[in-house]
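Accompanying notes for the structure given below.
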Amino acid sequence: MRIATYNVNGVNGRLPVLLRWLNETQPDVACLQELKAPQENFPREAIAEAGYNAVWHGQKSWNGVAILSKHDIVETGRGLPGDPTDEQSRYIEAEVKGITIGCLYLPNGNPAPGPKFDYKLQWFDRLITYADGLVKSDKPVIITGDYNVMPTEIDVYKPERWVDDALFRPETRAAFHKLLGQGWTDAVRTLYPNEVIYTFWDYFRNAYGRNAGLRIDHFLLSPQLKEKLQKAGVDKHVRGWEKTSDHAPVWIELK
DNA sequence: ATGTCGGGATACTCCCGA
């Protein structure tokens, strides 16, 4: 079973690229972030014609998350618990073939320090609280998506330039490692402990051509899924396509 | 500081967020 995550950066503007990638790689499940579309403007028909069921949580202009599945899918949650005043569409969860799949778009947090960074850390705290319940539930769970965190120095092309950025500040990395400490497995890093692997390249300054990238899209697996992890990778070539996202799709395969 | 996108507002060019 292949499960993928892809920050599309605009699901409608990106539709040809998204459909081309789905057709080429045929993931069983695809988690999408940054739909940048209100609920009613999700391209449900095109997605269905491509062979996918879908649940999604849209929002006008920004954010928005979706889970596509070739198999039966049941939505189990939308919106991250812990703050009823939070109106940003950054979390959706569903069950597919007995696996609970959380799809998240963690706040960017720049500029830092400031209110956006505060929101990022608060959102992270809520995620840590919620994920603790999931990891203790003894159910097979995946939490994947755009975490907007480079966990370690190997995940940044020039770490020294990013130490004050919201994606790499000590508070951000500490939160990610606190989350991992609950018992989650960073799937890609576990299979490739020493490889330089990026999932995002800025649109600026020919970042992709220079391979000036970041690893910020992650798969976290609960303990019982760790044993079933077989492969993982990044569809890096998709970042080189015309009219492409600034992220590349990331995927895992489970036994 | 810069750069480049998608989306949306006011609209044929700007700003925001990333």
For Tyr91(A), does the six-membered ring have the charged nitrogen or CZ of Arg78(A) within the cation-pi criterion, i.e. under 6.0 angstrom from the centroid and within 45° of the normal? no
Closest to the [X] side chain, choosing from [options]:
X	options	value
Ser61(A)	dG8(B), dA18(B), dG7(B)	dG8(B)
Trp62(A)	dC5(B), dA18(B), dG17(B)	dG17(B)
Arg90(A)	dG6(B), dA18(B), dG8(B)	dA18(B)
Lys60(A)	dA9(B), dT4(B), dG6(B)	dA9(B)
Arg14(A)	dA18(B), dC5(B), dG8(B)	dC5(B)

Assert: residue with more 5' nearest nucleotide on DNA chain B, out of Phe200(A) and Phe204(A), is Phe204(A)
Ranking Tyr203(A) and Asn12(A) by the position along DNA chain B of their nearest nucleotide, the one closer to 5' is Tyr203(A)
Interatomic distance, OH@Tyr147(A) vs CG@Leu104(A), rounded to 0.5 Å, equals 4.5 Å
Within this structure, what is the [atom1]-to-[atom2] distance between [X] and [N], rounded to whole angstrom?
X	N	atom1	atom2	answer
Gln88(A)	dG7(B)	CD	C1'	16 Å
Asp165(A)	dA18(B)	CG	C1'	11 Å
Asp202(A)	dT4(B)	CG	P	11 Å
Arg239(A)	dT4(B)	CZ	P	13 Å
Tyr147(A)	dA18(B)	OH	P	19 Å
Gln59(A)	dC16(B)	CD	P	18 Å
Arg161(A)	dA1(B)	CZ	P	14 Å
Asn63(A)	dG7(B)	CG	P	13 Å

I'd like the [atom1] distance from [M] over to [N], given in whole Å.
N	M	atom1	result
dT13(B)	dA1(B)	P	29 Å
dC16(B)	dA11(B)	P	15 Å
dG3(B)	dG8(B)	P	25 Å
dT10(B)	dC5(B)	P	26 Å

Got [X] and [Y] here, is their nearest side-chain heavy-atom distance under 4.5 Å?
X	Y	result
Val188(A)	Asp217(A)	no
Leu68(A)	Val29(A)	no
Val234(A)	Tyr198(A)	no

Between dT4(B) and Lys243(A), is there an OP1 or OP2 to side-chain N/O distance shorter than 4.0 Å? no
With respect to the phosphate group of dT2(B), does any side-chain polar atom (N or O) of Arg205(A) fall under 4.0 Å of OP1 or OP2? no
| said: I'd like to know if Asp186(A) and Arg215(A) make a salt bridge, using a cut-off of under 4.0 Å between side-chain N and carboxylate O. | reply: yes
Check your understanding: Contact class for Tyr105(A) vs. all strands (heavy atom < 4.0 Å): base, sugar-phosphate, or nothing?
Key -> sugar-phosphate
